[in-house]
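These numbers come from a predicted model, not from an experiment.
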Amino acid sequence: MKRFYFLAGTFFLAAIFSSCVLQKPSEEAKLPRTVTVSGTGTVSVQSDIATINMAVVTNNRSVVEASRLNAEAVAKVRADLIEAGHSADSIVTDGYTISQDVSYRNGLPIRGDYRVSNSMHIVVRNISNIGNAIDVAVNAGANEFSSINFSVSDMEGALREARTQAVKQAYEAANLMVKTAGAELGQIVSIAEQRDRGFMPVLNNSAKMAADLAVEATTVSPGKQSVSVTVSCVYEIQ
């Protein structure tokens, strides 16, 4: 019986020892040494497209008359813009609303004129024609302007250049740190990108300035757009 207990205890200790040996990590299981760095590339590009947001607004006691007057004014704005050289497909309707002014006296509603608004935007692909588009639209009957948004037709080219700058900056930073530490930079393990589009410059205009715009040729300065790319790179250390 004592022999049985002795053999059982020996088997138990051997099993524990075997388990410890199996759980010991091998050399191949060790994680590779790495360095993580980031790089940023920023490219500025001259804006070459403008989107002018405007509206034709008419008011009348009769909703039918307000709608008719609005349709005539919109048709004239569109026709005059096309005659001035702006393409028909660059003049796009954004919205159409009909509402009625309501005021209150002694708690009772007093209904006023109907307001018809036809909003549109004009895409100008020749920056030098922005002022012309505004002046033509104002003279034709557009009487509300909300903004002018600028953009770039070839932002992909700027994006490629920004990416190249970002990756190059990350590599140079990693190489400097690793060599300073007395090692060699190995292969790249991973790259993650984060892109930030530059703010687009906007020119805001109030409705009451429409008459002033028609007096003198409008001058607009588009400025530049920027695109920024940041990359996070992981390199092996040899």
Correct closest heavy-atom pair for Gln100 and Gly112 would be NE2-O, 3.1 Å

Exercise for the section: Output yes when a side-chain donor or acceptor of Thr58 lies under 3.5 Å from a complementary backbone atom of Ala66, and no otherwise. Expected result: yes

Check your understanding: With side chains defined as the heavy atoms from C-beta onward, is the minimum distance between Asn132 and His86 less than 4.5 Å?
Key -> yes

> Hey, quick one: are Val231 and Val178 part of the same hydrophobic cluster, counting side-chain heavy atoms closer than 4.5 Å, chains of contacts allowed?
Replying inline: yes

dist Asn70:CG -> Asn59:CG (nearest 0.5 Å) comes out at 9.5 Å

Taking side chain as C-beta onward, heavy atoms only, is Val227 less than 4.5 Å from Thr42?
no

Check whether any side-chain heavy atom of Val45 lies under 4.5 Å from a side-chain heavy atom of Lys224, and answer yes or no.
no

Requested in this report: Applying side chain to side chain contact (heavy atoms under 4.5 Å, CB included), run through Ile82 and Ile91 and close with a yes or a no.
Outcome: CA-CA 9 Å; Ile82 294 174; Ile91 309 166; 4.0 Å; yes

Are Val189 and Val35 connected, step by step, through hydrophobic side chains (Ile, Leu, Val, Met, Phe, Trp, Tyr) whose heavy atoms are closer than 4.5 Å?
no

>> Pair Arg111, Asp101 - check side chain to side chain contact (heavy atoms under 4.5 Å, CB included), show working.
In response: CA-CA 6 Å; Arg111 300 193 176 277; Asp101 294 332; over 6 Å; no

When rounded to the nearest 0.5 Å, the distance separating CD of Gln194 from OG of Ser232 is 10.0 Å

Notebook entry, point to check: Should Ser99 and Thr97 count as side-chain neighbours, where that means a heavy-atom distance under 4.5 Å?
Noted result: no

(request) Mind running side chain to side chain contact (heavy atoms under 4.5 Å, CB included) on Ile122 and Leu81 for me, showing each step along the way? (result) CA-CA 9 Å; Ile122 305 170; Leu81 284 169; 3.1 Å; yes

Nearest heavy-atom approach of Val77 to Ala142 is CG2-N, 3.7 Å

key: Over 12 foreign heavy atoms within 6.0 Å of CZ, Arg125   = no

- Can you tell me if CD on Glu184 sees more than 12 non-hydrogen neighbours from other groups inside 6.0 Å? no

Here the pair of heavy atoms bringing Ala55 nearest to Ser119 is CB-CA, 3.8 Å

- Path from Met120 to Ile98 over hydrophobic side-chain contacts below 4.5 Å: no

ask   = Are the charged groups of Arg33 and Glu236 less than 4.0 angstrom apart, N to O?
value = no

Of all heavy-atom pairs linking Ser62 and Tyr114, the shortest is C-CD1, 4.0 Å

Distance col, row Ile110:CD1 vs Ser103:OG, nearest 0.5 angstrom, shows 4.5 Å

| message | Check this for me: does any side-chain nitrogen of one of Arg115 and Glu144 sit under 4.0 Å from a carboxylate oxygen of the other? | response | yes

To the nearest 0.5 Å, atom CG of Asn60 lies from atom OG of Ser67 at 10.5 Å

Just by distance, no angles: are the side chains of Asn149 and His121 close enough, under 3.5 Å, to form a donor-acceptor pair? no

Closest heavy-atom pair, Ala158 versus Val43, reported as atoms and distance to 0.1 Å, is O-CG2, 3.8 Å

Original post:
Can you tell me if Thr40 and Thr230 form a side-chain donor-acceptor pair at under 3.5 Å?
Top reply: yes

**Study point:** Short side-chain to backbone donor-acceptor contact, Asp154 and Gly157, under 3.5 Å
**Key:** yes

Requested in this report: Decide whether Val124 and Ile127 are clustered together by the hydrophobic rule: side chain heavy atoms of Ile, Leu, Val, Met, Phe, Trp, Tyr closer than 4.5 Å, transitively.
Outcome: yes

Would a 4.5 Å heavy-atom cut-off, applied to side chains only, mark Gln187 and Tyr235 as touching?
no

To the nearest 0.5 Å, atom OG1 of Thr164 lies from atom CZ of Arg160 at 9.0 Å

* To do: Would you check, one step at a time, whether the test side chain to side chain contact (heavy atoms under 4.5 Å, CB included) holds for Val37 with Tyr171?
  => CA-CA 8 Å; Val37 294; Tyr171 171 80; over 6 Å; no

- Task: Check whether Val136 and Val57 end up in the same hydrophobic cluster, where Ile, Leu, Val, Met, Phe, Trp and Tyr are linked by side-chain heavy atoms less than 4.5 Å apart.
- Result: no

Any donor-acceptor pair under 3.5 Å from Thr34 side chain to Val234 backbone: no

### Task
Apply the test salt bridge (Lys or Arg N to Asp or Glu O under 4.0 Å) to residues Lys76 and Glu72: give CA-CA distance (whole Å), side-chain angles for both, the deciding distance (0.1 Å), then the verdict.
CA-CA 6 Å; Lys76 180 170 175 51; Glu72 289 181 355; over 6 Å; no

Interatomic distance, OG@Ser90 vs CD1@Ile49, rounded to 0.5 Å, equals 11.5 Å

When every non-hydrogen atom of Ile52 is compared with those of Ala133, the smallest separation belongs to CD1-CB, 3.8 Å

